[in-house]
J.: 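This is the structure, below, for whatever I ask next.
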Amino acid sequence: MRNHTPVTTFILLGLTDDPQLQIPLFIFLLITYMLSAIGNMTIIILIFLDTHLKTAMYYFLQNFSFLEISFTSACVPRFLYNIATGDRSITYNSCISQVFFADLFAIVEFFLLATMSYDRYVAICKPLHYMTIMNPLVCKKLISGCWVITLLLMIPPLGYVLTLDFCDSEIDHFFCDSNPLLKISCSDTEFMEKMVLYCSSFILLVTLTFVLWSYGSIIRTILGFPSAQQKKKAFSTCSSHMIVVSITYGSCMFIYIKPSAKDDMATNKGVAVLATSISPMLNPFIYTLRNKQVKNALNDFLKQLLLLEPQRYHRG
């Protein structure tokens with residue numbers, strides 16, 4: 001691996017050089033990371049414990065929360081360590097590992113969002129066949145497919161990254177990512193940039209097209225419902241997922257769908273904070289506050305912890 005490059009250690013420049021901003025930045029990222037980890041872990045635990053949350057929708061949501069924890073953990077804790085210790089160095093192997101895991105969890109998340117939109121399509125457009133179509137075996141196969149497709153798409157770009165030579169050790173970012181790495185490479189990165197662009201475009205366009213098709217079908221079906229109450233209930237079951245999709249796709253398109261990795265990274269770093277820290281923190285609240293069943297499960301869970309009604313949690 002190191003035969004391809006004289007650089008064995010990189011320096012992460014972070015978000016800012018202003019020493020007065022380091023402590024507020026550390027506190028902000030620590031709070032958002034803790035809220036993200038606690039919020040998503042709470043969803044995982046609730047779905048595992050509550051008998052009313054055993055449908056395909058919550059199975060996918062549980063996996064989505066796991067990915068959110070994994071993705072933000074691949075990026076943020078290392079940056080918090082850099083700020084706390086003042087040591088901005090990261091070894092070549094650690095940097096490549098960070099690129100791999102951050103991209104792995106992010107890409108799986110996009111395929112999972114598309115899968116979740118299909119689940120909502122079946123639930124609303126084919127409600128009588130929902131339990132048959134979205135049975136546990138199918139759900140497990142869909143999750144496995146998300147991981148397998150992601151790994152197959154990642155192998156060629158990652159293999160090419162390992163062949164790059166680096167003339168500079170300073171990465172203009174707060175974590176190792178493909179675009180800032182290409183920026184400091186003295187190899188010919190044109191092919192790699194095109195590969196990143198094409199792979200990113202393929203993943204985003206394929207999954208987004210599937211999401212749009214699913215929700216197009218959902219909207220047509222909902223508009224055909226006779227009562228306003230039915231329409232409101234159907235829209236409410238999809239609204240949380242649609243908000244998360246908008247945030248996730250918007251931030252990723254801004255970062256990766258661009259002509260060259262040599263562009264200025266300043267704005268990208270700000271959007272990356274949204275994608276790696278703020279968005280994973282907001283998603284549990286989006287799903288919890290807009291989902292009556294999750295709120296009921298959370299209330300029962302809290303009552304059990306407070307020993308107010310310990311017998312009520314496994315109701316039904």
Side-chain angles (χ1 to χ4, degrees), residues 63-64 67-68 70-72 74-76 95-118 143 145-164 166 171-185 187-215 241-242 244-280 283:
N63 279 270
F64 184 77
L67 287 172
E68 290 283 64
S70 302
F71 176 60
T72 190
C75 305
V76 176
C95 188
I96 295 299
S97 297
Q98 192 173 49
V99 172
F100 172 77
F101 285 109
D103 287 351
L104 173 67
F105 298 132
I107 296 172
V108 173
E109 199 169 289
F110 280 104
F111 284 108
L112 181 56
L113 285 172
T115 303
M116 292 170 74
S117 70
Y118 175 71
I143 293 294
C146 292
W147 285 91
V148 171
I149 294 172
T150 297
L151 289 171
L152 292 176
L153 289 172
M154 283 186 63
I155 289 174
L158 184 65
Y160 192 82
V161 167
L162 298 178
T163 68
L164 295 177
F166 298 96
I171 299 176
D172 188 15
H173 215 305
F174 64 94
F175 71 96
C176 289
D177 196 15
S178 55
N179 279 341
L181 274 177
L182 292 177
K183 189 177 179 182
I184 63 171
S185 174
S187 302
D188 183 2
T189 61
E190 182 179 0
F191 176 75
M192 181 61 187
E193 288 183 32
K194 289 182 178 180
M195 187 182 297
V196 171
L197 175 64
Y198 293 152
C199 285
S200 302
S201 300
F202 173 79
I203 293 166
L204 290 173
L205 291 176
V206 168
T207 56
L208 183 58
T209 298
F210 196 81
V211 169
L212 293 176
W213 172 81
S214 297
Y215 277 101
H241 184 252
M242 293 173 71
V244 172
V245 165
S246 300
I247 296 173
T248 306
Y249 278 88
S251 58
C252 191
M253 285 180 178
F254 189 91
I255 295 174
Y256 292 103
I257 304 302
K258 56 178 16 180
S260 174
K262 305 291 184 180
D263 294 341
D264 181 21
M265 296 295 297
T267 307
N268 277 9
K269 288 192 287 185
V271 179
V273 171
L274 169 66
T276 61
S277 184
I278 299 175
S279 180
N283 290 345

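Treat the numbers as computed from the prediction; the structure is a model and nothing was measured.
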J.: Report the distance from atom OG1 of Thr207 to atom CG of Leu212, rounding to the nearest 0.5 Å.
T.: 9.5 Å
J.: Over all heavy atoms of both residues, which pair between Leu181 and Phe166 is shortest? Give the atoms and the distance, please.
T.: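 Nearest pair, atom of Leu181 first, then Phe166: O-CE2, 3.4 Å.
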J.: Given side chains that start at C-beta, do those of Val99 and Phe175 come closer than 4.5 Å, heavy atoms only?
T.: no
J.: Picking from Cys199, Ser201, Ser200, what satisfies side-chain contact (heavy atoms from CB on, under 4.5 Å) with Leu197?
T.: Ser201
J.: I'd like to know if the side chain of Asp177 and the backbone of Asn179 have a donor-acceptor N/O pair within less than 3.5 Å.
T.: no
J.: Of all heavy-atom pairs between Ser277 and Thr72, which one has the smallest distance, and what is that distance?
T.: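 Looking at all heavy atoms of both residues, the closest pair is CA-OG1, 4.4 Å.
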J.: Tell me, do Asp172 and Pro180 make a side-chain contact under 4.5 Å, heavy atoms counted?
T.: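 They are not in side-chain contact.
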J.: Does Ser117 reach the main-chain N or O of Ala114 with its side chain, forming a donor-acceptor pair under 3.5 Å?
T.: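 Checked: pair present.
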J.: Atom SG of Cys95 and atom NE2 of His173: how far apart are they, to the nearest 0.5 Å?
T.: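 Result: 11.0 Å between the selected atoms.
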J.: OG of Ser185 to CE of Met192: how many Å apart, nearest 0.5 Å?
T.: 9.5 Å
J.: Give me the atom names and distance for the closest heavy-atom approach of Ala275 to Phe71.
T.: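 Smallest heavy-atom distance, with atoms named: O-CE2, 3.4 Å.
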J.: Side chains of Val206 and Phe202, heavy atoms from C-beta outward: is any pair under 4.5 Å?
T.: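 Counting from C-beta outward, Val206 and Phe202 do come under 4.5 Å.
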J.: Less than 4.5 Å apart, side chain to side chain, heavy atoms only: is that true for Val161 and Ser178?
T.: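 They are not in contact (no side-chain heavy atoms under 4.5 Å apart), so the answer is no.
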J.: Do Ile96 and Leu162 come close enough that some side-chain heavy atom pair is under 4.5 Å?
T.: yes
J.: Rounded to the nearest 0.5 Å, what separation is found between the CZ atom of Phe110 and the CD1 atom of Ile203?
T.: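 Separation between the atoms: 8.5 Å.
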J.: Provide the closest heavy-atom pair for Cys146 versus Leu112 in the form atom of the first, atom of the second, distance.
T.: SG-N, 3.8 Å
J.: By side chain to side chain donor-acceptor pair (under 3.5 Å), which residues pair with Glu109, not counting sequence neighbours?
T.: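 For Glu109 there are no side chain to side chain donor-acceptor pair (under 3.5 Å) partners, ignoring immediate neighbours.
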J.: Testing Thr115, Asn63, Val108 for side-chain contact (heavy atoms from CB on, under 4.5 Å) with Ile143, which one passes?
T.: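 Result for side-chain contact (heavy atoms from CB on, under 4.5 Å) with Ile143: Asn63.
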J.: With under 30° as parallel and over 60° as perpendicular, where do the rings of Tyr118 and Phe210 fit, or are they tilted in between?
T.: tilted
J.: Side chains of Phe105 and Thr150: closer than 4.5 Å at any heavy-atom pair?
T.: no
